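To start, the structure under review is shown below, and the notes come after it.
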Amino acid sequence: MVASETEATPAILWVDLHLIHEVTTPQAFDVLRQRELAVRRPDLTVATMDHSTPTTPPRADGRYLFDDEQARTQTEKLRDNCREFGIELHDLGSPTQGIVHVIGPELGLTQPGQVIVCGDSHTSTHGAFGAMAFGIGTSEVGHVLATQCLLQRRPKTMAIRVDGTLADGVTAKDLILAVIARIGVGGASGHLIEYCGSAIRSLSMEERMTVCNMSIEAGARAGMIGPDDVTFEYLADRPRSPKGDAWDAAVRRWRELSTDEQAVHDAEVVIDAGSLEPMITYGTNPGMAIPLGSPIPSDHELSTSERAALKYMGLQPGDRVLGKPVDVVFLGSCTNSRLSDLRAAAALLRGQKVAPGVRMLVVPGSQAVKRAAESEGLDRVFRDAGAEWREAGCSMCLGMNGDRLEAGQYAVSTSNRNFEGRQGKGGRTLLASPLTAAASAVRGRVADARELMSLGHDAVSS
Amino acid sequence: MSVPAAAREPFLALTSRYVTMPRVDVDTDQIIPARFLKATRRDGLAEGLFADWRCDAEGAQRPDFVLNRAQAEGAQILVAGHNFGCGSSREHAPWALLANGIRAVVSTGIADIFRNNALKNGLLPLVVSAEFHAELLDRGSDVLHIDLVEQTVALEDGPRATFEVEAFARHCLLNGIDEMDFLLQQEPAIAAYETGAR
Ligand code: SF4
């Protein structure tokens with residue numbers, strides 16, 4: 001920290017890693033040019049393209065099919081800005097391109113104890129490594145580009161303690177949806193969440209990222225998990241993690257950042273992992289989620305805003321979401337597009353078919369995830385089942401690149417936001433885990449993966 | 001604290017008619033849908049504001065949407081439901097509000113990133129008590145006076161409330177300071193940290 005906070009001024013935080021993408025940066029670079037400022041630490045700034053980029057391969061002449069000229073311009077602007085200011089770019093077509101929150105960890109750029117920012121609210125993902133990671137706006141992107149610093153007040157803290165063991169078929173996605181359903185979409189407003197407890201400890205790094213990713217959906221400024229051996233094992237031998245003696249020194253430093261069990265928090269939430277079920281959303285924010293088998297709350301339990309949400313969703317109070325016909329299944333986004341997510345879905349789809357009339361889109365989080373999945377033959381599993389196997393990017397998570405729902409369509413989506421129109425104007429999003437998504441693709445209806453798992457257990461465990 | 005010169009219009013007070021949007025948890029995807037984020041400039045975002053609520057599928061204005069009503073003409077204050085501005089960090093949300101003449105959002109709770117972004121652009125995010133908020137919603141529309149020096153907000157015929165705003169952001173608004181200027185002035189401290197830390 002450059003300077004601590006006082007009553008009159010926020011703390012001045014030094015930023016260890018600044019991730020940037022095409023959507024929230026052009027205006028910040030313009031400010032730099034207007035003021036004739038340089039990027040202070042291009043070496044701590046890393047760029048990729050993910051939001052507006054097509055997920056279809058380039059044409060034979062190497063040209064990409066952008067949704068429109070504006071999208072193409074946006075990516076060209078980022079390329080020009082990176083060139084002008086000397087910033088490392090994981091460009092479209094490069095083997096390291098991908099969703100910003102997938103490639104940071106994958107490259108080993110994300111490390112415990114860092115302050116990481118990005119003009120993107122899901123920067124909370126990187127908190128899974130015990131980094132202090134949060135989303136910022138474009139003005140702040142400009143501040144960080146110019147000064148490598150950010151003005152921040154210390155947030156309050158909230159402990160979310162999850163003990164016990166998740167049942168078979170209940171995933172990290174279900175866990176975080178249950179947390180948000182419990183505390184609400186504004187429940188952690190002004191807070192930094194620290195996830196702790198035995199159920200959190202036993203999650204893999206990829207699962208921890210899924211959990212921290214959605215901290216913002218509870219309104220939190222950031223979400224964090226103290227680093228431990230799981231973290232260090234993930235980071236060992238990543239392209240950008242420290243090597244040799246520097247690695248040993250880093251791990252010694254990182255060990256001191258482990259969760260302090262005695263810490264006092266401003267708020268605490270306790271959840272029993274064993275009681276959790278697969279979750280699904282029924283409304284237009286991620287807090288409107290229920291266990292898959294439960295009915296939507298009845299009319300008298302709903303607020304005016306929730307009734308408006310149900311109307312948008314074309315659902316009735318008291319209805320079940322389970323069994324509802326679906327039009328589209330989207331497997332992707334920075335929440336659930338890593339190798340373990342694709343494996344889980346592929347295990348259910350192996351030897352099965354996507355139901356007639358259902359469109360399933362599988363979008364790996366990065367080109368590296370895509371290659372790893374292909375080397376295991378997962379692409380074949382998806383293709384044989386009738387799903388579309390795409391290039392890496394945000395894709396239908398926010399529908400900026402042309403991968404969109406049509407008005408009225410229902411999608412089971414492994415992404416993080418079911419806001420009105422998020423996946424396409426008039427589209428209706430049901431957020432769920434990769435398992436629920438895959439099961440729903442097979443059945444053509446919102447389905448419970450555990451039923452398919454018990455039917456074809458061999459397929460799942462192979 | 002060293003004080004940079006004013007970079008923009010100071011924000012001291014605002015008197016304007018307000019309109020209400022009582023819905024809770026209004027996310028920034030509603031404030032400005034993603035398709036408007038392909039723009040690479042911060043101006044020209046006016047038509048994106050609440051685009052999918054403001055217009056129907058054919059692009060015609062919905063007469064019942066609050067910002068399309070006659071009373072919204074010239075209104076610079078939006079009284080919004082709890083947790084306004086949640087979701088995406090897009091600064092296009094305050095840009096689009098400002099492009100439509102909105103200079104303050106009054107609620108019982110405003111999402112962190114939106115609040116941050118708003119303050120940096122001279123849009124005042126203002127959190128008031130539930131009682132005062134309910135009074136504003138009950139009236140539907142009226143003239144409101146916001147005083148950033150006194151940190152009070154008052155209706156013309158009496159009811160008033162105080163509000164909190166982060167001290168530094170208030171200082172910047174009152175003096176028209178761009179936070180970038182403040183940060184640039186911290187160069188000696190930043191350089192000292194940088195050489196010490198690395
Ligand atoms: S995948 Fe979705 S949530 Fe994640 S960075 Fe991309 S648009 Fe944002």
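Predicted model only: the values in this text are computed from it and were never measured. Per chain, numbering begins at 1; letters A, B, ... match sequence-line order.
With B:Asp112 contributing its side chain and A:Ser189 its backbone, the two residues share no donor-acceptor pair below 3.5 Å. Between the side chain of B:Gln30 and the backbone N or O of A:Phe419 there is no donor-acceptor pair closer than 3.5 Å. Looking at B:Glu91, its side chain does come within 3.5 Å of a backbone N or O of A:Ser139 through a donor-acceptor pair.
The pair B:Arg23-A:Glu420 meets the salt-bridge criterion, since a charged nitrogen lies less than 4.0 angstrom from a carboxylate oxygen. Contact check on A:Asp67 versus B:Lys38 returns a salt bridge, with a Lys/Arg side-chain nitrogen under 4.0 Å from an Asp/Glu carboxylate oxygen. For A:Arg35 and B:Asp178, the salt-bridge test passes: some basic side-chain N is under 4.0 Å from an acidic carboxylate O.
Neither the backbone nor the side chain of B:Ala169 comes within less than 4.5 Å of any heavy atom of chain A. For B:Ile113, the part sitting under 4.5 Å from any heavy atom of chain A is the side chain, from C-beta outward, and nothing else. Neither the backbone nor the side chain of A:Ala3 comes within contact range of chain B, judged by heavy atoms closer than 4.5 Å. With a 4.5 angstrom heavy-atom cutoff, A:Ile12 touches chain B only via side-chain atoms. Only the side chain of B:His92 comes within contact range of chain A, with heavy atoms under 4.5 Å apart. A:Glu7 touches chain B through its backbone: at least one of N, CA, C or O sits under 4.5 Å from a heavy atom, while the side chain does not. Neither the backbone nor the side chain of B:Ala118 comes within contact range of chain A; no heavy atom of the residue lies under 4.5 Å from a heavy atom of that chain. Of the atoms belonging to A:Gln152, it is side-chain heavy atoms, and not backbone ones, that fall under 4.5 Å from chain B. Of the two parts of A:Ile136, only the backbone, made up of N, CA, C and O, holds a non-hydrogen atom closer than 4.5 Å to a non-hydrogen atom of chain B. Contact annotation for A:Thr138: both backbone and side-chain heavy atoms come within less than 4.5 Å of a heavy atom of chain B.
No side-chain heavy atom of A:Lys425 sits less than 4.5 Å from a side-chain heavy atom of B:Pro33. Using a 4.5 Å heavy-atom cutoff, the side chains of A:Arg417 and B:Ser88 are in contact. Contact check for B:Glu194 versus A:Gln148: no side-chain heavy atoms found under the 4.5 Å cut-off. Counting only heavy atoms from C-beta outward, the side chains of A:Leu150 and B:Leu183 never approach each other to under 4.5 Å. The closest side-chain heavy-atom distance from B:Lys120 to A:Glu140 is below 4.5 Å.
Atom CD of B:Gln151 has more than 12 neighbouring heavy atoms from other residues, nucleotides or ligands inside a 6.0 Å radius.
For chain A, the option among B:Asn83, B:Leu184, B:Thr40 with the highest count of heavy-atom pairs below 4.5 Å is B:Thr40. Annotation: maximal heavy-atom pairing with chain B below 4.5 Å, among A:Gly421, A:Gly219, A:Cys149, occurs at A:Cys149. By number of non-hydrogen pairs under 4.5 angstrom with chain A, the leading residue of B:Glu187, B:Met180, B:Arg42 is B:Met180. The most heavy-atom pairs under 4.5 Å with chain B, out of A:Met1, A:Arg40, A:His51, come from A:Arg40. Contact count versus chain A (heavy atoms, under 4.5 Å) is highest, among B:Ala189, B:Cys86, B:Ala39, B:Ala57, for B:Ala39. With respect to chain B, the highest number of heavy-atom pairs below 4.5 Å among A:Thr6, A:Leu398, A:Leu151, A:Asn285 belongs to A:Leu151.
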Evaluate B:Arg35 against A:Met400 for side-chain contact (heavy atoms from CB on, under 4.5 Å), listing each step before the verdict.
CA-CA 6 Å; B:Arg35 62 182 182 279; A:Met400 255 185 95; over 6 Å; no
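Of residues 22-31 of chain A, those residues with a non-hydrogen atom less than 4.5 Å from any non-hydrogen atom of chain B are, in numerical order, A:Val23, A:Pro26, A:Gln27, A:Asp30, A:Val31.
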